[in-house]
Amino acid sequence: QVQLVESGGGLVQAGGSLRLSCVASERTFSNWHMGWFRQAPGKEREFVAAVTRSAGSTYYADSGTGRYTISRDNAQSTVYLQMNSLTPEDTAVYYCAAQLMSANYAYTANWRSWGQGTQVTVSS
């Protein structure tokens, strides 16, 4: 289990940008595949993006392709989510997640550890 703490959420106008950060407590951070999910009110938690342990590959949901960029700094045990061209539909609580197995990244059940979430609100 790894402890994850997200930050960087907030209120932004449509068309704006935010960068979310997630710091892991695990010293072997580079062993973990990292991901971002989000959950809007009344909706299920959904996959946003993932990055492999070496940052060699990244994966995105269709909703974020071209607007979101996931990256990681293994020396700082941190994963980032840069979000551009935000729309009100991006409003949600954003969660950081970690897994060891590189199982299907889109399924929440495959992720072992979760952060507490950070709220992103996009106003029109």
Side-chain angles (χ1 to χ4, degrees):
Q1 201 84 357
V2 57
Q3 292 186 335
L4 304 170
V5 179
E6 302 98 332
S7 63
L11 175 64
V12 63
Q13 288 188 333
S17 299
L18 281 175
R19 188 175 84 152
L20 307 182
S21 300
C22 171
V23 179
S25 63
E26 179 61 50
R27 286 182 294 177
T28 56
F29 177 73
S30 60
N31 290 345
W32 295 78
H33 302 279
M34 300 300 297
W36 286 96
F37 285 72
R38 68 185 184 185
Q39 188 167 17
K43 295 187 177 181
E44 293 190 354
R45 192 169 298 189
E46 64 177 5
F47 171 74
V48 172
V51 59
T52 56
R53 56 171 66 100
S54 65
S57 297
T58 56
Y59 304 88
Y60 297 94
D62 289 343
S63 59
T65 301
R67 299 189 303 126
Y68 292 179
T69 302
I70 188 171
S71 61
R72 65 188 296 162
D73 182 342
N74 286 344
Q76 299 296 323
S77 299
T78 302
V79 61
Y80 303 98
L81 183 68
Q82 177 69 43
M83 304 187 295
N84 299 325
S85 302
L86 288 164
T87 73
E89 288 68 37
D90 295 311
T91 295
V93 177
Y94 284 71
Y95 296 90
C96 176
Q99 65 163 283
L100 288 171
M101 298 301 295
S102 71
N104 190 315
Y105 295 125
Y107 292 131
T108 57
N110 289 338
W111 296 85
R112 180 182 293 188
S113 299
W114 294 87
Q116 83 289 349
T118 185
Q119 176 71 48
V120 171
T121 303
V122 184
S123 63
S124 58

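If you read the sequence from its start, that first residue is 1, and numbering goes on from there.
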**Q** Under the criterion side chain to side chain contact (heavy atoms under 4.5 Å, CB included), which of Thr121, Leu11, Val12 is the partner of Leu18?
**A** Val12
**Q** Could I get the full list of salt bridge (charged side-chain N to carboxylate O under 4.0 Å, His left out) partners for Arg19, not counting sequence neighbours?
**A** none
**Q** Who passes ring-ring contact (aromatic ring centres under 6.0 Å, His included) against Phe37, sequence neighbours left out?
**A** Phe47, Trp111, Trp114
**Q** Please check: side-chain N/O of Arg67 versus main-chain N/O of Ser85, any donor-acceptor pairing under 3.5 Å?
**A** yes
**Q** Is there a side chain to side chain contact (heavy atoms under 4.5 Å, CB included) between Trp32 and Arg112 once you walk through the steps?
**A** CA-CA 10 Å; Trp32 295 78; Arg112 180 182 293 188; 3.9 Å; yes
**Q** Which other residues end up in the same hydrophobic cluster as Val23, if Ile, Leu, Val, Met, Phe, Trp and Tyr are linked when side-chain heavy atoms come under 4.5 Å apart?
**A** none
**Q** Could I get the full list of side-chain contact (heavy atoms from CB on, under 4.5 Å) partners for Thr52, not counting sequence neighbours?
**A** His33, Ser54, Ser57, Tyr59, Tyr105
**Q** Going by the side chain to side chain donor-acceptor pair (under 3.5 Å) test, which pairs reach into residues 73-83, not counting sequence neighbours?
**A** Arg72-Asn74, Gln82-Asn84
**Q** Atom CD in Glu6, atom CG in Leu81: separation rounded to 0.5 Å?
**A** 11.0 Å
**Q** Could you tell me which non-hydrogen atom of Tyr60 sits nearest to which non-hydrogen atom of Thr69, and how far apart they are?
**A** OH-CA, 3.3 Å
**Q** Output the distance between atom OG (Ser25) and atom CG (Leu4), rounded to the nearest 0.5 Å.
**A** 7.0 Å
**Q** Residues two or more places apart in sequence or in another chain: which of them pass salt bridge (charged side-chain N to carboxylate O under 4.0 Å, His left out) with Arg38?
**A** Glu46, Asp90
**Q** If you take all heavy atoms of Met34 and Val79, which pair is closest and at what distance?
**A** CE-CG1, 3.9 Å
**Q** Which atom names give the shortest non-hydrogen contact between Pro88 and Ser123, and what distance separates them?
**A** CG-C, 4.4 Å
**Q** Of all the heavy-atom pairs spanning Ala24 and Val2, show the shortest one and how long it is.
**A** CB-CG2, 3.8 Å
**Q** Should Val120 and Met83 be marked as a side chain to side chain contact (heavy atoms under 4.5 Å, CB included) after you check the CA-CA gap, both sets of side-chain angles, and the distance that decides it?
**A** CA-CA 10 Å; Val120 171; Met83 304 187 295; 3.9 Å; yes
**Q** Are Tyr95 and Leu86 connected into the same hydrophobic cluster when the rule is that any two of I, L, V, M, F, W, Y join if their side-chain heavy atoms are below 4.5 Å apart?
**A** no
**Q** If you define the side chain from C-beta out and look only at heavy atoms, does anything of Tyr94 sit under 4.5 Å from Gln119?
**A** no
**Q** If only atom types and distance count, is the side chain of Asn110 paired as donor or acceptor with the main-chain N or O of Ala103 below 3.5 Å?
**A** no
**Q** So, Gln99 side chain and Ser102 main chain: donor-acceptor pair closer than 3.5 Å or not?
**A** yes
